[in-house]
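Let me begin by presenting the structure, written as structure tokens, before commenting on it.
The first residue of the sequence shown is numbered 1, and numbering continues consecutively from there. Side chains are part of it too, since the values below use all heavy atoms of this structure and drop only hydrogens, waters and symmetry mates.
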Amino acid sequence: MQPFALSYARPVVQSPSTTPYAYDPTRQLNVLPDGRPASCSRAVLLATGSTASTAGSKTHFDD
């Protein structure tokens, strides 16, 4: 007998995507192709849904 949920389950469709930034281990942050920090790009922030939180430690900018 097949479980009810499997009658309606659909495979996840993966859409091809490209990341407009890359991680720079020497600077320890994400950078755009021109070398600017990715956090400076409004388009990148809107596309990735990045947010700034005040919860947690106040000593780190990425908490």
>> Is the shortest side-chain heavy-atom distance between Val44 and Tyr21 below 4.5 Å?
In response: yes
> About how many Å separate OH of Tyr23 and CG of Asn30, when rounded to the nearest 0.5 Å?
Replying inline: 8.0 Å
> With Pro37, which residues qualify under side chain to side chain contact (heavy atoms under 4.5 Å, CB included), at least two apart?
Replying inline: Arg27, Leu29, Ser39, Cys40
>> Filter on salt bridge (charged side-chain N to carboxylate O under 4.0 Å, His left out), then keep only pairs touching residues 32-41, sequence neighbours left out; what's left?
In response: Asp34-Arg36
>> So which atom in Pro33 and which in Pro20 form the shortest heavy-atom distance, rounded to 0.1 Å?
In response: CD-O, 3.4 Å
